[in-house]
Every structure is written in structure tokens, then in C-alpha cells.
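Just below is one structure, and these are the notes that go with it.
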Amino acid sequence: MPDIPKAYEPQSVEEKWYDFWLKQNCFSANPASTKPAYSIVIPPPNVTGMLHMGHVLNNTIQDILARKARMDGKEVLWLPGTDHAGIATQAVVEKSLRKQGVMKHRDDLGREKFLEHVWAWKEKHGGIIIQQLKRLGCSCDWARERFTMDPAYSRCVQKVFVELYRKGQIYRGKRMVNWDPAARTALSDEEVEMLEEKGQLWHLKYPLLDDKGQPGADEFVVVATTRPETMLGDEAVAVNPNDPRYTRLVGRRCLLPLQNKPIPVIADDFVDPKFGTGCVKVTPAHDPNDYEMAVRHKLPLTVVIGPDGRMTEAAGEDFDDLDRMEARKAVVEELTEQGLLLKTEDYVHNVGYSQRSHVPIEPYLSEQWFLKYPSVEKAARAVEEGRIAFHPDRWSKTYSHWMLGLRDWCISRQLWWGHRVPVWYRKSAQSSAPATTSASNIWCDVDAPPDSENWTQDPDVLDTWFSSWLWPFATMGWPEQTETLKKFYPTTDLVTGPDIIFFWVARMIMAGYEFMGEPESGLPPRFGLPDALPFRNVYFTGIIRDKLGRKMSKSLGNSPDPLELIAKYGADALRFGTMRSAPLGQDVLFDEKDVELGRNFCNKLWNACRFRQMQGGEVQGEINPQLLTSDDRWILLKLDQAIREITTAFAEYRFNEATQTLYRFFWSEYCDWYVEASKATLAASPQPSAVNPQSASVRANTVAVIDFILSHTLRLFHPFLPFITEELWHGMGYHEDMPENQGGSSIMFARWPKPLDKNFHDHYGLTDSVLAFVTAKFDLVTQGRNLRREGNIPASRKVKYVFKPAGELSAHDADVVRLLLNAEALEIQPGYQPGKGTPAVHSELGTLYLPLEGLIDVTAERARQTKELEKAETEMAKVEQKLNNPAFAQKVPPNVLAEHQKRLAEWQAKRDRAKAALEALDG
RNA sequence: GCGCGCUUAGCUCAGUGGAAGAGCACUUCCUUCACACGGAAGGGGUCGCAGGUUCAAGUCCUGCAGCGCGCACCA
């Protein structure tokens, strides 16, 4: 690292090493490797998407896992790709084409032309998010990038459709579905968001008809509705058969206002007599329950709201072509005029909204394709019995609950962009319209029928999730039994958000069992893999929110652009800051300050290495146990502790804990204490001197300790901070002695640090007493610095401390204390007799005085000692209370008892010293 | 209605039955030869409320309250 800049400059460094990794093929996964496999498939982002903070969190975690696995000696496959996001992409392209004036509606272009435009759009924009992931440092095997509309992948989707169709799991049916009038397509139940809304409950009067079909003078049934516009399609009024108020009405007819149509009063158990008036208007074509009732009572269906959300001709002249919300107003107005609106109540209820278009869902009767979920039982048990582990585990409850109440999945979408349903209908002889749908007239196969001119393909495409549920194996070459599948399936970890637990996670597990699992009895093995499940662990990230706790969204404009953050702070900073504030299982309140913290941390790491470089000399490999200082031993112990904590945190997917440990170890322990203390030895000349023949070799030994710590620290940091660690790994020369494939070429493959074992501890004298000694030494320093503060002595003023040791204190340790106190001198005087009121602090090592010759601030000193005294007394009281409890001594473990007794003694000693000091001040 | 979270320093949050923690913000001091993207010393908490278990509870149990999120066909 020649001419090291004072501050870390990430931009050039990041680009350089990413190119290096790509050129060296560091990310490519080799199925022929003998190393154990580790694999992740990326949750495919939308092909037209842009990187947002959610991606940053999600993909940083995956990259951390992948990089850690490489350092653990695994053969790693992180398989990237994108999905085609049917509705979203089609909507974006349609909007753009309209804006350009290319079309008004896609029908203007026709299916083929329109799809050409979408593909062109995909070619232009589809790579953006992939490039952005690279900026973040993601170590995906890019050669294996997949897209859900790739020809091979599309064939997987079709094959799966055909298989399930032939097994009877997929069927076509006319059903009431969730219709998105903006996107003009059916949606699955999961794509409907129930939102609480303040609405109104309108009470409508329907005049009853007498025997002659004439409205009675004053006879009405009153129905309540939240959607008055649907009354135009009413076909009955229903009451509960056991409701005494209305039994006499059943069988009579009433007049549907506005339409002037007689409709029957029917009896149905569905009606809850206790709700509202106990009379329900029945709109068969626009409400799922009403539809069921209509089927039971053989009522006709009148469609008054069309697929575009506008009223149809059947709604009557006055309402035809009105938007459904305008129609609502118009209907209410008209009914009011006719005196048929009894009352309007405020009413809070839940309204289904399209998760895609954010418009209210319209229940809509249409012909759709449905899937009876396959392998549900196996998929449910896999999670319940722990073969797939959720992190945090609580999501498994959500999963199980969902698996219990499954309804058939509506998989067809009325779009053009997507996998077209592989079903053809035989054209009738007379026209090109599909003939009756009997078996011989339907062709369902991956390939079109040979006489395709006699057939018409189903116009619908499949739900995007119907393709992405195959992602873990369809990306690896299924249905061929590829080497990749053999090596890397099942995958190890999946990282995703809990919001797609139903959409994706559950369905992937089902698909795993259905298509990768054991064959049904009697059939030859279809796939020779031992395990069907698609992954073993699922890590659920939190949702990234802004610092006010709001979800990030384009419309709020509260979503920072990660690329701007990378440009400003560096990718490592963004990764570290995000991970540090993202606890397992909780939402993340993102604040740019977090990224700033990440940048500051990188700068600290940079400068710590720079400090080492300034000490000169080659990388020091060997540490001589004979020459270790107490500080050297202390930092080795702290490193050991950090390695253990971080390794455990990784095993439990507690990444924020790992980053916090790293932060604490490196900043608070290594930089704040060890580096400062090491300056005592580093100040010596690197050349042997006559005065102190050992100082040069002690100095070299300290440099060796620094190299040991830094080379370990860089490896511990690598999964979080890939760029700066690679830069420093090479810059510091730590790669030089490593085997080529274990850190010699890249820190990516350096071995993950192991905890320092017992032999190491014994060999280097890493003992509890060293730990206690150095802790006490540093405590003495903190107290000594406090003396200076309390006495209002500026840091710039050189002062002399006097130390009265309780035992032995080596010259080195005394020098460290002097240095850390920023003292001109530290006089060791075992028999020191302080003058009256000399400020002093105590530690296990002895008493430290700050003699100030006539400059003692008696008031300040008294205040300080009084505070000490009070603190000691309250702490004593706490411990005494416990110890005085007879049950305590009997039941508590001996070590805890001993610890409490020791604690009491310590506080007593402190109290006594504070008392004495106060008396001395007054005396 | 059912389920799941959350409630700890001014803010954002860690905390795994045995002395209340971090970052930011705040106060004071320091441009000392790694770093002002820095250093030092401080101030600041009846751990949402009420019970219970325990020698010992921020931590375990039971209620309650507030906030958030799922799921649920009641017009």
C-alpha cells in the first residue's frame, strides 16, 4: 500500500476488486468439486425493478452467507436471476407505449407485436437490477443467471402445468374470482389486500308486490348494503328461514327499484337474522356469497359491472358506462329522490384491494384455471417437523395456519406477458370459435397439437408465482438430472421476506415435494435425489422502513436510492450499516446515519491498518511467547472471545449481533485500548540499542501480534465488508504466505478464523489472571483520566501522577499507564505519603494520585468523592440485601455466592477510601 | 373475532434468570506523530401497567393497556 491516503476512498477500490473477482472466476460454482456444497437461489427480483433498500438487506445477507460458506471451505453456488413479473411489467410497458403514442390499448397492436415491445423493454431495462447487485458486491455465479421466461424455464412451467392437468390437479371452471378492474385480470386470493375503510351502510326500501303484482301502498322490505350500485343486479331478497319476522314474506315478490323488476323473497341459512335488518339483497353476479345463494336457488345472473369496472348496459340506461364509484353516487341520489333510501349509517368495514393496482377488487364471475395445491401434507409436515427450519421460528405458525385453510389457486391471468396456458381448443367446423370443451376437443401438452391450424390456444397466461415456485430446481436444469442439481439441490438457505411466505415459500416447498420428491408407489424413480425439499433454512428478513416507521414507497418518496448511498459512502458502508441495524425477525428503521456509521467504521479499519504500515517491516508471522506484554495477551484473549461470539452469531443467523461484536472488538478493544497501549513498545527503535537490548525484539513481537490480530480481523469482517477487506488483505501483504486457494489469491477463500484452542492459550500464556490484570490496569487509566477532568486540567497540560502499587507493576505496564494517562511522568512510590486532599483513585493494582501543588480544587474533589461514596453505599445496600436473605446462601450456586461476597468487599473498600478522602479534605 | 410481534436512555434499538448496554443526539475538554469519518471524560433508565413463579425477573408465567402486522365471506 504505497502512499496510503488518510481516509478510505471506496469508489476505485470497489470497482477494482469486483472486476478482479469476476476475472478470477471467484463466484463460479463447480459441481465437480469435492468440497461440500452450499447453495442459495436468489429470490428473483422483478426484471424491470430497481434496487431498493429491501433488496440491499436481502442480498447483503445472502452475500454474507455465501462468503462465509466459501471461507468455511464449501463449494458455493449463489444462483441469480430475475422474474418476469407479469402484471407489473405489462402495466409499465403499456403505460410507456401509451405515452409514446404507440397505442391506446394493447389490442391496437395485437398480441405478437405487443410482446415484441415487452421483450424490447426487457432487453433494455432487464439488466439494470443485476448491475446494481454487482455494485453491492454480490458474489453470484453470474454465468448461471436465469430468467423465468427463458425458453428452458418456460418449458419447465409448461411441463408442470401439463403434469398437474393430467393428474386432475389443474382444472378449468367458471367461478367468482378476485378481479382487478385496473389490470383487467383475475388475481389469486393472496393478491387481495383487506383494508379497513370508513364507509357507509345504506338502508334501501324495496316495495313488496301484492298478489296482482302491484306494489303495496306501504309495504317494504329493507335491505342494508355497503355497495348500493350493485342493487341494479339484484335477483332476490333473502331472509333466514327461521326468522319469525319474515317467514310470512318468503315466496312473495318485491319490486327492485330503478330496474322496476320483480324479484323473489327467498329463505337461506346464510342470512344472519341478527345483522342489520335481517334482509339481504342478493346480487348473484357481484358477490361470492350471493353467487352461492343464486346457485342454491337457481336465480339468474345479471352482470351490471363489466371487467373494466364500469357499469354495463344491463345496469340500465341511466347508469350504463358509469364508473362503479360514480354509479354508486348516482344510485343513491336516484333512490333518495324516489324516497326509497331509509337511512345512511357510517360503517367501518374491510374492503379488498388489489395488491398490484391498489384499486378495490371486484368479485367477477369468469372462466379461470385453478390448481388444487399438490403435496400439501408433506409440505406442511416438513416445516412442522423441522426438516425445514424457519428463522425466526415464529413464522412457521403463520405457514401452518395458511396450509390448513387452502382454497384452490386461481392461476390464470388475463394478460399477454407471461407463460401462456399450454391448452388448445379444437375449432368448430363452422367458425374459429372454440367448440364444446369435451375431452377430445382439448389438447394439453408442452407442444402445440400437430394440426395446430385446427386449434386455438387458450389466451390466458399463468400467474408469475406459478413459474417462480419452480425456481430452486428449474434454475438448475430440471427436468434433466444435471450435475448442478445433484451437487447443489436441495439448497441450503433461502433469504426472503415474510410477506411472500404464502406466495412463494410455501408453494416452493410443495413444488419440491411434488416434482423432486419420491415417486408414488409402483412408479419408477423419476428423480434420483435423496431429498425433495427445496431448502433447509429460511431466513425471514424484516421490512425496511423509514426512520418514522413508515414503509418505504415510491409515492412517499422516503425510499433512498441505494446507489446514491453507495456513491456517497461506499458499498461496504451501506452493507455494514444496514446489517448492524437489522435484528433477526424485526423490521428495520433505516436511517442514513447507519450508513454514515458504516463509512466511519471502514475508515477506522483503514487507518488502523495504515498505522500498522507506518510501523514498517515485513509481515511478522511468528509470535514469541517469551516477549509478549500483558496487553498483547489481553488482545489475543479478546480476539478469541470475538471469534467465538461471531461464529455463534452466524450459526444462529444473528447478523446484527455479529456486526456489533465486530464493532466492539475492533473499535473499543483493539483501537481504543490495545493500539494505544502498543505505542509504548512501538516507540522503541526497530534497531537493537545498547540501553535496552530487548526493546527492538519486543517491538517486533508487538508488530507480530498486530499482524496476527489484523489478519484475523480482516477475515472476520470479509463477509460484511468484502471490498475493503480484500484491499487491505493484499495491501498489508497478508495473502503472501497463504496457499493460493486459501487466501493467497483472494481473502474470499481464506479460512474462517477458528477460536484459539487450549494449546494456543497455554503456549502464549493467555490466562484469566492476565485478563483480570489488564482489565484492572485499564480501569485505573480511566479513573486517572477522570481525575484530570474533574480537576479541570486541560488535556494539553502535562501532569505528573504518583502511583502507589499494591503489588508488582512491571516497567512496561507502568509505561503503558503513563502513556494512556497522557502523563509527563508516572512516579512509582510504594511509600508515598500524599499531601492533604490530594485527589486519588484506587484499583486492584494500587492507588493513583494526582498531586497538584496548590492547585487542588477542593470543591470539585469533595463533590467527586461524595459521588463515589454515595455510589458505593447504594451498591453495598443492593448486595447486602441479597446476602442477608437466609435463603440466598442456601440455594444459590457457590460461584454466585462467592461473587456477591467479593462484590460486597469491593464496594466496602471503595466506600472506606472515599470516606477517608473526604475526611482528609476537611481536616 | 383469532393469531403473531413490539413496548428498555431524548431518538433508533441490542439484551440467551445472576452487578442495566450500544449507536446517534447532548455536556465539557483535546487539532498529542493511524484516524476530527477522530480521541478523552461525563450526564441521562421505578426496563408499558398489575399480579405470580424464583434465593434472584428487563429476562419465565398470567392478566391488562397502547401500537403495529397477518388471517377471517357477515350484507
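Keep in mind the model is a prediction, meaning the values are calculated, not measured. Here is the naming used below: chain letters follow the sequence lines, and residue numbers restart at 1 for every chain.
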Does [X] have a side-chain nitrogen or oxygen under 4.0 Å from the phosphate oxygens OP1 or OP2 of [N]?
X      : N     : result
A:K604 : B:G39 : yes
A:N600 : B:C35 : no
A:R903 : B:A19 : yes
A:K867 : B:G42 : no
A:W667 : B:G39 : yes
A:S668 : B:A22 : no

Expressed in angstrom and rounded to an integer, what is the separation of [X] atom [atom1] from [N] atom [atom2]?
X      : N     : atom1 : atom2 : answer
A:L787 : B:G42 : CG    : C1'   : 14 Å
A:E868 : B:G42 : CD    : P     : 10 Å
A:K878 : B:A56 : NZ    : C1'   : 14 Å
A:Y8   : B:G38 : OH    : C1'   : 19 Å
A:M876 : B:A19 : CE    : P     : 18 Å
A:N350 : B:C71 : CG    : P     : 11 Å
A:L662 : B:G23 : CG    : P     : 15 Å
A:D672 : B:A34 : CG    : C1'   : 13 Å

Using the [atom1] atom as the reference point in each nucleotide, state the distance between [N] and [M] in Å, no decimals.
N     : M     : atom1 : result
B:C37 : B:A22 : P     : 23 Å
B:U53 : B:A14 : P     : 31 Å
B:A75 : B:U16 : P     : 43 Å
B:G45 : B:A9  : C1'   : 5 Å
B:A65 : B:G51 : C1'   : 15 Å
B:G23 : B:G17 : P     : 25 Å
B:G39 : B:A25 : P     : 13 Å
B:G58 : B:G1  : P     : 33 Å

Determine which nucleotide pairs with [N], using a 3.5 Å limit on both distances of a Watson-Crick or G-U wobble pair.
N     : result
B:C55 : B:G18
B:U31 : none
B:C69 : B:G3
B:G42 : B:C26
B:A50 : B:U62

Report the nucleotide, chosen from [options], that has the shortest atom-to-atom distance to any side-chain atom of [X].
X      : options             : value
A:F275 : B:C71, B:C74, B:G18 : B:C74
A:D272 : B:A36, B:A75, B:U16 : B:A75
A:Q660 : B:A14, B:C55, B:G18 : B:A14
A:V280 : B:C35, B:A75, B:G42 : B:A75
A:F270 : B:A34, B:A75, B:G70 : B:A75
A:N607 : B:U32, B:A41, B:C35 : B:C35
A:R654 : B:A75, B:U28, B:U16 : B:U16
A:F888 : B:A19, B:G70, B:G18 : B:G18

Would you call the rings of [X] and [Y] parallel, tilted or perpendicular, where under 30° means parallel and over 60° means perpendicular?
X      : Y      : result
A:F888 : A:H900 : perpendicular
A:F655 : A:F650 : perpendicular
A:F601 : A:F576 : parallel

How is [X] classified with respect to the nucleic acid when contacts are heavy atoms under 4.0 Å: base, sugar-phosphate, or nothing?
X      : value
A:V675 : base
A:N885 : sugar-phosphate
A:E292 : nothing
A:K281 : nothing
A:P893 : base
A:C279 : nothing
A:Y347 : sugar-phosphate
A:R227 : nothing

Contact letters for nucleotides 4-12 of chain B, in which S counts primed atoms plus P, OP1 and OP2 and B counts the base, heavy atoms under 4.0 Å
SSS-----S
If we check side-chain hydrogen bond (donor to acceptor under 3.5 Å, both in side chains) with A:R903, which of these qualifies: A:E899, A:Q901, A:E906?
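Answer to the side-chain hydrogen bond (donor to acceptor under 3.5 Å, both in side chains) test with A:R903 among A:E899, A:Q901, A:E906: A:E899.
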Geometric cation-pi criterion, A:R580 with A:Y663: 6.0 Å, 45°
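Checked: cation-pi criterion met.
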Looking at A:Y670, I'd like to know if the NZ or CZ of A:K604 sits under 6.0 Å from its six-membered ring centre while staying within 45 degrees of the ring's axis.
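Judged by the rule (NZ or CZ under 6.0 Å from the ring centre, within 45° of its axis), A:K604 is not positioned above A:Y670.
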Tell me whether the side-chain N or O atoms of A:E676 pair up with the base of B:A34 as donor and acceptor below 3.5 Å, since no angle test is needed here.
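It does, because a donor-acceptor pair links the side chain of A:E676 to the base of B:A34 below 3.5 Å.
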Where each residue is assigned the nucleotide of RNA chain B containing its nearest heavy atom, which of A:W907 and A:E596 is assigned the position nearer the 5′ end?
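Checking each residue's closest nucleotide, the 5'-ward one belongs to A:W907.
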Taking for each residue the nucleotide of RNA chain B with the nearest heavy atom, is it A:R785 or A:E652 whose nucleotide lies nearer the 5' end?
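Its nearest nucleotide being more 5', the pick is A:E652.
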Can a side-chain donor-acceptor contact be found between A:D272 and A:N240 if the only test is distance below 3.5 angstrom?
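No pair is found: no donor N or O on one side chain lies under 3.5 Å from an acceptor on the other.
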Does the side chain of A:E196 pick up a donor-acceptor pair with the side chain of A:H349 at under 3.5 Å?
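The answer is no; no qualifying pair exists.
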Under 4.5 Å between any side-chain heavy atoms of A:L820 and A:F778, yes or no?
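Result yes, sub-4.5 Å side-chain heavy-atom pair found.
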Could you check whether A:R245 pairs with A:D243 (Lys NZ or Arg NE/NH1/NH2 to Asp/Glu carboxylate O, under 4.0 Å)?
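Counted as a salt bridge, because a side-chain N and a carboxylate O are separated by less than 4.0 Å.
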Short N-O contact, A:K878 and A:E875, less than 4.0 angstrom:
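Salt bridge flag = yes for A:E875 with A:K878.
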Test A:E645 against A:R664 for salt bridge (charged side-chain N to carboxylate O under 4.0 Å, His left out), laying out the working first.
CA-CA 11 Å; A:E645 285 179 24; A:R664 185 206 66 217; 3.2 Å; yes
